[in-house]
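Following: one structure in structure tokens, then a few remarks.
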Amino acid sequence: PPGLIVPRRELLKIREAVGTEDQHIEALNALYAAEPDQDTFHRLAEHYRINGDFEREARLIEEAALAGFATLDDRLRLGMIKASAGKIPEAILILQDIDRELADDITHPRFALFNLMIADERPLDAVRYGQTWITRWDMPWATEEFQRIMSAAGYPDLANGITTDENGF
């Protein structure tokens with residue numbers, strides 16, 4: 001109930017100051033359950049991350065994304081957690097969504113997406129995405145890196161399709 005928010009915030013302050021870590025997290029969880037907000041979300045996510053509880057961190061980020069206050073970086077983190085848990089198709093979907101929102105000069109999430117598509121045996125999708133990105137980037141090294149990754153993954157013929165030429169293949 002809304003009337004309990006202030007006491008929960010006060011309890012959280014007390015538990016932060018003198019309580020155990022478990023008491024602090026219990027109070028933080030209670031506050032977040034009663035009144036989810038970005039600050040409390042980030043504090044909980046940080047706790048889970050520091051303590052290696054990536055499954056709970058992922059669930060929390062998914063909830064925050066649905067509530068509309070997970071940032072682009074939070075969602076990128078979710079994609080990386082999914083990928084490291086072997087949930088490659090889920091990670092790809094998250095990173096594809098993020099790709100639509102990124103500024104053109106942001107490369108690291110795109111290289112992650114490229115590599116995940118190859119790992120998921122979707123090299124044609126990887127080439128399509130890679131070709132799209134390099135035609136927008138003024139980064140000659142990126143073309144070479146995409147080609148190197150494709151060749152190393154066993155797709156040397158497809159690697160040649162990634163060029164700075166807008167027509168690709």
Side-chain angles (χ1 to χ4, degrees), residues 1-2 4-17 19-122 125-139 141-142 145-146 149:
L4 293 177
I5 299 304
V6 172
R8 283 193 176 113
R9 288 191 190 282
E10 293 304 314
L11 178 61
L12 178 60
K13 287 179 187 175
I14 293 168
R15 296 249 168 107
E16 283 176 332
T20 66
E21 177 74 10
D22 288 343
Q23 290 172 327
H24 172 231
I25 295 308
E26 180 184 319
L28 201 54
N29 271 310
L31 178 60
Y32 185 74
E35 185 181 308
D37 64 33
Q38 196 167 36
D39 179 59
T40 309
F41 155 66
H42 280 117
R43 291 169 69 186
L44 272 173
E46 178 181 29
H47 168 76
Y48 294 144
R49 182 172 33 258
I50 289 170
N51 289 288
D53 193 346
F54 305 121
E55 192 172 306
R56 284 186 81 180
E57 181 186 2
R59 281 195 310 270
L60 183 67
I61 295 170
E62 288 171 332
E63 291 171 13
L66 290 174
F69 49 77
T71 65
L72 196 66
D73 286 339
D74 296 326
R75 292 176 16 242
L76 175 58
R77 171 88 179 142
L78 176 62
M80 295 298 96
I81 292 170
K82 296 283 186 180
S84 66
K87 298 175 180 178
I88 305 299
E90 290 179 49
I92 288 172
L93 289 174
I94 292 166
L95 294 179
Q96 284 175 318
D97 184 49
I98 289 170
D99 177 57
R100 291 187 275 281
E101 299 175 43
L102 289 174
D104 281 346
D105 63 339
I106 306 296
T107 60
H108 72 279
R110 291 178 168 128
F111 272 96
L113 176 56
F114 187 84
N115 280 296
L116 287 171
M117 286 178 168
I118 292 171
D120 199 40
E121 298 182 10
R122 295 172 48 186
D125 288 338
V127 169
R128 234 182 331 275
Y129 272 81
Q131 184 64 41
T132 298
W133 298 324
I134 64 170
T135 58
R136 296 189 315 224
W137 297 345
D138 184 23
M139 301 176 201
W141 63 267
E145 185 62 13
F146 282 136
I149 293 167

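Only a predicted model underlies this, so the values are computations on that prediction, with no experimental measurement involved.
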Q) So, the side chain of Asn51 versus the backbone of His47: is there a donor-acceptor pair under 3.5 Å, distance only? A) yes

Q. For the atom pair OG1 (Thr71) and CZ (Arg77), what is the distance rounded to the nearest 0.5 Å?
A. 12.0 Å

(Q) Let me confirm one number: the CG-CG distance from Leu76 to Asp99, rounded to the nearest 0.5 Å. (A) 11.5 Å

Q. Should the pair Asp125-Arg128 be classified as a salt bridge under the 4.0 Å nitrogen-to-oxygen rule?
A. yes

Q) Would the number of heavy atoms belonging to other residues, nucleotides or ligands and lying under 6.0 Å from CD of Glu55 be above 12? A) no

(Q) More than 12 heavy atoms of other residues, nucleotides or ligands under 6.0 Å from CG of Asp138: yes or no? (A) no

**Q.** Ring geometry between Tyr32 and Phe41 (parallel below 30°, tilted from 30 to 60°, perpendicular above 60°)
**A.** tilted

Q. Are the side chains of Arg59 and Glu62 in touch, meaning some heavy atoms are under 4.5 Å apart?
A. yes

(Q) For a side-chain contact (heavy atoms from CB on, under 4.5 Å) check, start with the C-alpha distance between Phe114 and Glu145, then their side-chain angles and the critical distance, and finish with the verdict. (A) CA-CA 11 Å; Phe114 187 84; Glu145 185 62 13; over 6 Å; no

(Q) To the closest 0.5 Å, what do you measure between CG (Asn115) and CG (Leu113)? (A) 9.0 Å

Q) Has the side chain of Gln38 got a donor or acceptor atom that lies under 3.5 Å from a matching backbone atom of Phe69? A) yes

Q: Please examine the side chains of Met117 and Gln96, heavy atoms only from C-beta on, and report whether any two atoms are closer than 4.5 Å.
A: yes

